[in-house]
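Single-structure report; data block below.
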Amino acid sequence: MKFTYPSELPVSASRGEIEQAVRSSQVVIVSGQTGSGKTTQIPKILLQMGRGSHGHQIVHTQPRRIAARTVADRIAAELNVQLGEEVGYQVRFDDKSSPATRLRVVTDGILLAQIQRDPRLSAYDTIVIDEAHERSLNIDFLLGYLTALLPKRRDLKLIITSATIDSVKFQEHFAKALHTKVPVIEVSGRTYPVQTIYEPLGSPPALMNSVPGFASVQLDPDSGDPLETAQADLPTAVARACAELVIHSSHSSGPRDILVFAAGEHDIHEYEAALRHHFGPRAEDMRRADAIEILSLYARLSAKEQHRAFQAHSHQRIIIATNVAETSLTVPGIRYVVDPGLARISRYSKSAKVQRLPIEPISQASADQRAGRCGRVADGIAIRLYSHDDYETRPRFTEPEILRTSLGSVVLHMLSVGVARTAQDVTEFGFIDPPDMKAVSDGFNELTELGAIDRKHGEIRLNPLGRKLSRIPIDIRLGRMILQAAQTSTPNTLAAVIVVVAFLSLQDPRERPEDKHDEADRLHARFEDPASDFVSVLNLWHYCFPEGKSPSSSALRKLAKGEYLSFLRLRQWHDLYRQLSQMCQQMKMKVGEPLPASGPNPEIASLPLAQQGRGSLACSWDSDGLHRAMLAGLLSNIGMQVITDPKASQFAGLKGPARAKAIKRAQKRSRNDYRGARGTHFAIFPGSAVVKSPPSWIMSAGLVETSRLWARYCATIDPVWAENLAGDLCRVTYAEPHWSASKGAAVASSTVLLYGLPIVANKPVLWGSINPAEARDFLIRQGLVEGDIRQRFSYDSFIEDNRSILQEASDEASKTRLVSQAATEEDLFDFYNDRLPATITSLAALAKWWKGERAQRPDFLTFDPAQVDRLQEREHSVKPGDYPDHWQTQGTDGRPLSLRLSYVYDPQAKDDGVTVHIPYLPWAS
DNA sequence: GAGCACTGC
């Protein structure tokens with residue numbers, strides 16, 4: 001290794017200071033703007049100091065994969081070593097490191113994952129967290145974890161690099177937590193000055209006014225709009241700012257491209273239309289000498305379309321971009337920036353528990369970052385389309401992500417590493433900005449919904465499912481689907497679920513180029529399944545990866561090109577599928593093959609690369625199994641269709657065909673309206689195939705609120721599936737309890753509610769069982785729905801005694817109580833006793849028979865005679881999904897044996913859950 | 001009838 005430090009990089013001058021700080025302190029903060037060279041030079045300084053040796057490494061984290069690769073590449077080149085030897089990198093699917101590696105550049109997610117295996121991070125003696133000011137969930141978790149770890153590992157050094165303004169916050173945090181001095185080393189940037197100009201809506205053209213003689217310059221000779229035109233809206237304000245900058249550029253030399261920031265795709269189109277209107281032929285005819293090329297840039301664009309912004313070009317350019325251009329992508333040659341000051345920010349709604357994407361004013365830090373994008377090649381100018389006062393009143397920083405997302409995965413991670421056992425542990429963990437109690441308890445609730453945790457005496461612990469879940473490197477809801485699929489007996493269902501889960505964790509590989517929407521839609525429609533977007537996904541998979549194998553790169557590239565699919569994302573999809581299925585195999589799950597549901601769709605069969613002969617294969621996984629497994633992760637994303645007929649008054653002003661058309665549209669719209677969990681309302685996203693004929697019940701993989709609450713990918717479900725999966729999340733209400741002479745039983749109508757949705761409605765319940773799932777099951781299975789049970793229970797007296805009370809009970813709660821009391825153990829006993837096979841003469845035989853019953857009905861309470869003593873405890877808390885029972889049989893000694901379980905409604909119980917008293921009496925007659 | 005950007009054992 002050869003250590004040289006380019007003298008033109010500002011950080012080189014601070015080398016001595018940095019070395020000194022790292023020697024004397026455990027935590028060092030290096031702050032500096034882009035271009036200071038801190039990212040590449042600091043690791044070199046550390047290596048030269050001798051860190052990253054004696055069996056320990058230096059780990060350097062980057063927020064993005066590409067960055068991790070390129071940083072490692074550049075450092076290796078500067079040190080003149082082979083990449084993968086002393087300097088290596090590790091990102092998902094790609095590990096270029098060796099035993100000789102002393103410096104490992106990784107994404108922050110990789111380091112986070114390593115904590116699980118190696119909680120003390122003993123592989124490292126130095127950790128560099130780069131770009132800490134981005135404050136992503138991963139970075140905040142890492143910094144929080146390291147806050148707790150550093151006192152236990154005095155030999156471990158932490159270097160944080162960040163933008164200047166954030167460094168104070170990091171310094172204060174670590175100084176306070178570790179009771180030491182935390183040096184901050186300021187490194188100047190190597191950027192050009194940027195002039196910031198404020199032009200709020202309706203104001204005169206400030207840039208031109210600052211240049212004598214320009215005030216009356218025409219925006220463009222062809223459009224005839226003078227610059228003074230008061231701009232009432234953002235698109236015209238954007239156009240005027242660009243016009244000013246174009247004029248400015250014509251009077252100066254050097255780069256002249258303009259970067260316009262927009263909040264989203266919709267805004268991009270609006271700005272583009274305004275710009276084309278203003279620049280007229282100059283924006284159309286690229287053969288003109290003064291042509292202006294208008295491009296857009298956002299993440300969902302195809303690779304080819306994105307690439308255009310980075311290609312060399314001769315004419316002036318205006319690039320309209322979303323936030324991708326703020327941090328992830330650096331557009332070269334930008335001299336000017338136009339910043340309307342808005343962005344879509346992801347927020348988590350605490351009341352509705354859904355993700356929201358509102359358009360909000362950006363923070364000062366974000367505005368400065370945007371302005372900084374034009375100072376990289378020459379003196380720049382940034383025009384802000386809001387006032388200086390507006391800027392001053394904005395928040396200093398964008399709220400860190402940890403305060404804006406659901407915390408389920410953070411909590412899961414903390415439980416699995418063992419740093420938290422209560423919600424308080426989480427809020428008191430060393431986070432720089434600790435989330436509040438409400439957000440944390442929501443995180444715990446999410447884990448409860450997924451069945452990942454058990455609560456005991458105020459302490460929360462991961463159960464086996466939760467422990468497995470924490471090992472699966474994907475979103476926890478998606479991980480839950482995998483674990484559920486692993487439990488189902490149908491072969492190959494797990495493989496199908498993995499295909500879908502992998503799809504859902506990546507960007508959709510289906511592309512829709514702006515000018516070819518229709519053709520792309522038409523081609524993609526071949527894969528559509530009208531009832532489930534997830535089956536569509538599988539159809540796409542079978543088309544792209546017949547036989548489950550990835551075709552050669554060139555074949556896949558060719559296929560992708562003609563089908564409006566992204567080659568890169570298809571490959572990522574396949575990579576992730578492989579990673580997940582290998583992992584499942586390691587966790588001893590039977591994966592199988594994701595074979596087509598029912599042979600190829602005839603449409604698909606006619607396509608060139610289609611797998612012929614699939615039709616002869618029997619269905620290898622069942623569609624119900626796939627959807628049931630997925631539902632385990634999506635319980636709070638179910639929706640019930642609400643049809644409200646449009647009112648005539650809505651069409652009062654319309655006549656004839658126009659009226660008919662409006663009514664039809666309103667009717668269609670009214671069918672796409674769903675009541676979701678916790679009183680929310682949502683609609684199927686127009687891109688989903690399910691929207692064409694909205695089913696009465698759906699589940700959705702992802703609810704996001706923008707213009708309204710949209711369900712992105714959907715599938716039809718049978719809501720009854722949710723009942724067993726939800727367990728004690730379900731609430732049961734009873735109505736109309738009465739004595740039915742024909743059925744010979746107390747009968748009530750029960751409704752099972754999940755998050756306020758009636759997943760099982762108006763089902764008759766016999767004996768007022770508190771477990772309507774069982775009762776319903778019984779009624780159907782035993783053919784008792786129409787009621788042929790002879791009246792032989794001892795209900796008469798109970799009903800006689802309580803008839804008036806039952807009829808008078810007005811509120812649901814008291815009805816519930818009464819009906820529950822109606823279920824006495826005698827009734828259960830009689831019923832079951834009648835069904836016991838005569839051959840049973842001992843508890844062991846009873847258990848055997850019972851086991852057979854359970855095989856068919858897996859939610860039965862486990863009954864093991866060996867555990868009988870345990871049941872003698874006076875009180876047990878039993879989930880409604882469990883099935884306590886009541887048995888009597890004869891022992892080998894001829895004496896009757898009985899296990900009696902009875903329900904007792906407990907009005908004192910805080911939850912709607914039911915406390916069950918289980919007196920166990922091996923009867924001695 | 002239309003959604004910001006990242007990331008993982």
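Note on naming: letters A, B, ... go to the chains in the order of the sequence lines (proteins, then strands), and numbering restarts at 1 for each one. Here the structure is a predicted model, which is why all the values come from computation and not from measurement.
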Once you apply a heavy-atom cut-off of 4.0 Å, does [X] come out as touching a base, just sugar-phosphate, or nothing?
{"X": "Arg356(A)", "value": "nothing"}
{"X": "Arg64(A)", "value": "sugar-phosphate"}
{"X": "Ala299(A)", "value": "sugar-phosphate"}
{"X": "Gln62(A)", "value": "nothing"}
{"X": "Glu134(A)", "value": "nothing"}
{"X": "Val704(A)", "value": "base"}
{"X": "Ile359(A)", "value": "nothing"}
{"X": "Thr327(A)", "value": "nothing"}
{"X": "Asp475(A)", "value": "base"}

| task | Figure out the CG/P separation between Asn672(A) and dA2(B), and round it to whole Å. | result | 11 Å
| Closest to the Arg344(A) side chain: dT7(B), dC9(B), dC4(B)? | dC4(B)
| Among dC6(B), dT7(B), dC4(B), which nucleotide sits nearest the side chain of Leu357(A)? | dC4(B)
| request: Could you tell me whether Arg512(A) and Asp521(A) have a side-chain N and a carboxylate O separated by less than 4.0 Å? | output: yes
| said: Under a 3.5 Å cutoff, is there a donor and acceptor pairing between the side chains of Glu326(A) and Ser366(A)? | reply: yes
Please determine whether a side-chain nitrogen or oxygen atom of [X] lies at a distance below 4.0 Å from atom OP1 or OP2 of [N].
{"X": "Thr107(A)", "N": "dG8(B)", "result": "yes"}
{"X": "Arg471(A)", "N": "dG8(B)", "result": "no"}
{"X": "Thr322(A)", "N": "dA5(B)", "result": "yes"}

| Arg571(A) to Phe93(A), cation-pi by 6.0 Å centre distance and 45° axis angle | no
| message | Using side-chain contact (heavy atoms from CB on, under 4.5 Å), reason through Ile362(A) and Asp339(A) one step at a time and then give a plain yes or no. | response | CA-CA 10 Å; Ile362(A) 59 173; Asp339(A) 177 18; 3.7 Å; yes
| said: Check the orientation of Phe503(A) and Trp573(A). Use parallel for under 30°, tilted for 30 to 60°, and perpendicular for over 60°. | reply: perpendicular
